[in-house]
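Presented below is the structure to which this report refers.
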Amino acid sequence: QCLSRFREFGDLHGAACALRYMGTLRSYPADFPAARAYYTESLAIDRQLENISGIARNLCALGHVAERVGDLAAARPLLEESLAHLREIEDKHSLAWTLERLGQTAMGQGDFAAAGDHFEEALRVCEELRDRAGVAGNLKSLGQLAREKGEFATAHARFSQCLAVERVNG
């Protein structure tokens, strides 16, 4: 109903936001075709409005959907474009999340150097924001990366750091 009202009143920004939220709702429980359609329509509106924040969020969401369906080749450029916009507007919370998604995508493609760079930067941003859940998540991702590389001592250390942060989080 909200979307209909926004369209009725010509509120493109409101329509773009509603579509983005509808996409998020469709991503869980994994109705990815519907989520992709909502995000794509929202992205088109945000591009028309030159809404950099909305563009970045939609690109990230589309990248995440592509990642979740296993299309890492499609996910990575979407996430990279999102990252460029997030750096431009200095949205550090979204930046950290997108960096972590990019790291996961790069790791899935076997690009361990890029994955490590993304996870390390995301970790630094989360530490700066005092986002302990983000810190723990990126330590876990760094542990997974080390494990994939066969660096088991480093993996153990990162997983131990992750657990220590999670214990503090409760």
Side-chain angles (χ1 to χ4, degrees), residues 16 20-21 23-24 27-28 30 32 35-36 38-40 42-44 46-47 50-170:
R20 190 167 39 258
Y21 293 133
T24 301
S27 292
Y28 306 94
F32 296 124
R36 183 180 293 126
Y38 287 127
Y39 290 137
T40 299
S42 180
L43 176 61
D46 281 328
R47 285 194 192 279
E50 299 180 5
N51 176 7
I52 302 301
S53 177
I55 292 168
R57 285 187 170 88
N58 282 306
L59 287 167
C60 184
L62 285 165
H64 185 59
V65 166
E67 178 191 3
R68 298 234 358 237
V69 299
D71 190 355
L72 302 181
R76 198 163 178 181
L78 292 164
L79 293 167
E80 287 171 343
E81 186 180 350
S82 173
L83 187 65
H85 291 300
L86 292 167
R87 289 188 196 286
E88 179 184 340
I89 61 172
E90 300 181 13
D91 179 346
K92 292 191 178 195
H93 288 93
S94 297
L95 178 73
W97 197 85
T98 302
L99 283 163
E100 200 274 333
R101 298 290 8 113
L102 257 173
Q104 291 293 335
T105 300
M107 185 168 58
Q109 292 179 310
D111 188 349
F112 296 152
D117 290 344
H118 293 310
F119 293 143
E120 289 287 351
E121 185 179 355
L123 177 61
R124 285 191 302 275
V125 173
C126 288
E127 287 172 338
E128 179 184 325
L129 294 170
R130 300 176 198 264
D131 175 0
R132 290 193 308 231
V135 168
N138 282 288
L139 288 168
K140 178 182 174 189
S141 294
L142 284 163
Q144 292 169 334
L145 177 62
R147 185 186 60 215
E148 288 292 316
K149 293 166 58 176
E151 298 171 357
F152 300 111
T154 301
H156 182 269
R158 291 299 192 167
F159 288 137
S160 294
Q161 291 171 317
C162 172
L163 286 172
V165 172
E166 286 181 342
R167 282 188 188 114
V168 171
N169 287 346

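In what follows, every heavy atom counts, from backbone to side chain, and hydrogens, waters and symmetry copies are set aside.
By the side chain to side chain contact (heavy atoms under 4.5 Å, CB included) test, Thr40 pairs with Arg36, Leu62, sequence neighbours left out. Not counting sequence neighbours, His118 has no partner by the ring-ring contact (aromatic ring centres under 6.0 Å, His included) test.
Taking both residues in full, the closest heavy atoms of Ser53 and Ile89 are given as CA-CD1, 3.7 Å, listed atom of the first, atom of the second, then distance. Asn58 and Asp46 make their closest contact through ND2-OD2, 2.9 Å (heavy atoms, listed as atom of the first residue, atom of the second, distance). Closest heavy-atom contact between Gly116 and Leu142: O-CD2, 4.3 Å. Closest of all the heavy-atom pairs between Gly63 and Ala75 is O-CB, 3.3 Å. The two residues Ala115 and Gly103 come nearest to each other via the heavy atoms CB-O, 3.4 Å. Closest heavy-atom contact between Ala122 and Ala96: CB-O, 3.6 Å.
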If you apply the rule side-chain contact (heavy atoms from CB on, under 4.5 Å), what do you find for Arg68 with Phe32, and how did you get there? CA-CA 8 Å; Arg68 298 234 358 237; Phe32 296 124; 3.5 Å; yes
Decide side-chain contact (heavy atoms from CB on, under 4.5 Å) for Leu83 and Leu99; before the verdict, give the C-alpha distance in whole Å, the side-chain angles of both, and the deciding distance to 0.1 Å. CA-CA 7 Å; Leu83 187 65; Leu99 283 163; 3.7 Å; yes
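Side-chain contact check for Leu123 versus Val135: some heavy-atom pair is nearer than 4.5 Å. At a threshold of 4.5 Å between non-hydrogen side-chain atoms, the residues Lys140 and Phe159 count as touching. By the 4.5 Å heavy-atom criterion applied to side chains, Leu145 and Phe112 are counted as neighbours. The shortest side-chain heavy-atom distance between Glu50 and Ile55 does not fall under the 4.5 Å cut-off.
Checking side-chain atoms of Ser82 against main-chain N and O of Leu78 turns up no donor-acceptor pair under 3.5 Å. The main-chain N or O of Arg101 is found under 3.5 Å from a side-chain atom of Thr105 such that the two form a donor-acceptor pair. Judged purely by atom type and a 3.5 angstrom limit, Tyr39 has no side-chain atom pairing as donor or acceptor with the backbone of Arg57.
Listed by first then second residue, pairs satisfying ring-ring contact (aromatic ring centres under 6.0 Å, His included) with a partner in residues 72-103 read His64-Trp97, not counting sequence neighbours.
Salt bridge annotation for Glu121-Arg87: present, with a cationic side-chain nitrogen under 4.0 angstrom from a carboxylate oxygen. Electrostatic pairing of Arg158 and Glu120 counts as a salt bridge here, judged by a charged N lying under 4.0 Å from a carboxylate O. The pair Glu151-Arg147 fails the salt-bridge criterion, with no side-chain N (NZ, NE, NH1 or NH2) lying under 4.0 Å from an Asp/Glu carboxylate O. For Glu81 and Arg47, the salt-bridge test passes: some basic side-chain N is under 4.0 Å from an acidic carboxylate O.
In summary, the side chains of Glu100 and Gln104 do present a donor paired with an acceptor at a separation below 3.5 Å, with no hydrogens or angles considered.
The distance from the CG atom of Leu95 to the CG atom of Leu129 is 9.0 Å, given to the nearest 0.5 Å. Interatomic distance, CD of Gln144 versus CG of Asn138, reported as 10.5 Å (0.5 Å rounding). Between atom SG of residue Cys162 and atom CZ of residue Arg167 there is a gap of 10.0 Å, rounded to the nearest 0.5 Å.
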